[in-house]
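A quick write-up on the structure given underneath.
Naming convention: chains lettered A, B, ... in sequence-line order (proteins, then strands); numbering from 1 in each chain.
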There are 2 protein chains.
Amino acid sequence: MQIGELAKRTGCESETIRYYEREGLLPAPARSSSGYRRYEQPHLEQLAFILHCRSLGMPLADIRLLAGFHQQPAAEPCDRVNALIDQQISRVHSQIEALQKLEIQLQQLRARCDSPHTLADCGILKTLDGAAAGEACACHDES
Amino acid sequence: MQIGELAKRTGCESETIRYYEREGLLPAPARSSSGYRRYEQPHLEQLAFILHCRSLGMPLADIRLLAGFHQQPAAEPCDRVNALIDQQISRVHSQIEALQKLEIQLQQLRARCDSPHTLADCGILKTLDGAAAGEACACHDES
DNA sequence: CTTGACCTTATAGTAGCTACAGGGTTTGCA
DNA sequence: TGCAAACCCTGTAGCTACTATAAGGTCAAG
């Protein structure tokens, strides 16, 4: 199949497929006489593997590693696979925590201007300006 | 003060300060005879304003807008300020939701290999491979 | 024989920095 | 006076994971 069909079947844009090839995540396929890429079933599965990992938020470098385990002797221990997943879980987890703190801070800031005002009276702008001048601010200091 | 001192006082690297100047977030300061940037107190406050907003995860484009409100007549309504903060809150909120789903999916995947195995037996790799071949997977399908 | 849908490569853009390279300046010390 | 360390300058390239062009070649239908 051509790149467009692979794209349609996987829901991944042609340009992204070419990008994955350049990045060494997908093997370069055979070419037709006119230079068009010709994909087979294994390419589709490899791409699906990549997309599945991406949907789990894994970085391309980790996916490269994960894919690489297929080339290794099957009797090897799989602890590095587990470590990659654990790493990803902890990355995601700490992002969640950081964003939750952020949301609270933003809501505290937002509460400073709950009814419509003018720029001069806006509690949000005042808070931000005050913080810039070194004062305590609703969003960061009154935890 | 020179850029290095501004950097030290704000905890922002000199290169980032120059970057903000290039991006039009900080006004270009006066220069010494040898071309060194000379900052005054207002620059420090402006930079602190930017850093404070950044610490709330606001994109530079929004910070530019927020800073721009200082140049506007003080009697203008501040609803666009509020809208920017609301937007940021909803961005952060939907990121949190997406990451929480991700974490659950990752943990379901991780549970497929809770004790050490070989690559051949690794429930994680098997799940990922199966998903690539079109099977249902622990992480996405058994919600 | 032309139109439209496909494909090719190469390059630049996105966000928000960070990290050089390759220079100039200033300060202090011997 | 000479020199080294610690500053500063500009300009450019790198990071992630794409996305979006430009400028062109190919192929099938009508």
For A:R18, which residues count as a side-chain hydrogen bond (donor to acceptor under 3.5 Å, both in side chains) partner, sequence neighbours excluded?
none
With sequence neighbours left out, which residue pairs that include part of residues 47-81 of chain A fulfil the ring-ring contact (aromatic ring centres under 6.0 Å, His included) condition?
A:F49-A:H70, A:H52-B:H140
B:Q107 versus B:R110, side-chain donor and acceptor atoms under 3.5 Å
no
Distance check needed: D:dC7 P versus B:R38 CZ, whole Å only.
14 Å
Go through the structure and list residues passing side-chain contact (heavy atoms from CB on, under 4.5 Å) with B:A61, not counting sequence neighbours.
none
DNA chain C contacts made by residues 40-51 of chain A, counting heavy atoms under 4.0 Å:
none
With sequence neighbours left out, write down each residue that passes side-chain hydrogen bond (donor to acceptor under 3.5 Å, both in side chains) with B:E97, or none if nothing qualifies.
B:H93
With sequence neighbours left out, what residues match B:S90 under side-chain hydrogen bond (donor to acceptor under 3.5 Å, both in side chains)?
none
Has the side chain of A:T10 got a donor or acceptor atom that lies under 3.5 Å from a matching backbone atom of A:L6?
yes
Round to a whole Å and report the spacing from CG of B:L56 to P of C:dG16.
14 Å
For a 4.5 angstrom cut-off between non-hydrogen side-chain atoms, does B:D62 reach B:Q87?
yes
Does the protein touch nucleotides 4-15 of chain C at the base, only the backbone, or not at all? Give it as B, S and - per nucleotide, heavy atoms under 4.0 Å.
--BSBB------
Partners meeting side-chain hydrogen bond (donor to acceptor under 3.5 Å, both in side chains) with B:Q46 (sequence neighbours left out):
none
Sort and list the pairs that fulfil ring-ring contact (aromatic ring centres under 6.0 Å, His included) and have at least one residue in residues 8-47 of chain B, not counting sequence neighbours.
B:Y39-B:H43
Mind running a 4.0 Å heavy-atom check of residues 90-100 of chain A against DNA chain D and sending the residues that fall below it, in number order?
none
Between P on C:dG16 and CG on B:L26, what's the gap in Å once rounded to a whole number?
15 Å
For the residue pair B:Q108 and B:A138, what are the closest heavy atoms and their distance?
OE1-O, 3.2 Å
Phosphate-side-chain proximity, B:Y20 and C:dC17, N/O vs OP1/OP2 below 4.0 Å
yes
Regarding A:R80 and A:D86, does a basic nitrogen lie under 4.0 Å from an acidic carboxylate oxygen?
no
Separation of C:dG16 C1' from B:I17 CD1 (nearest whole Å)
15 Å
End axis versus end axis in the helix from C:dC1-D:dG30 to C:dA30-D:dT1, the angle rounded to 10°, five pairs used at each terminus:
30°
Which residues satisfy the salt bridge (Lys or Arg N to Asp or Glu O under 4.0 Å) test with B:R54, sequence neighbours excluded?
none
Would you say B:T16 reaches C:dG16's phosphate, i.e. side-chain N/O to OP1/OP2 under 4.0 Å?
no
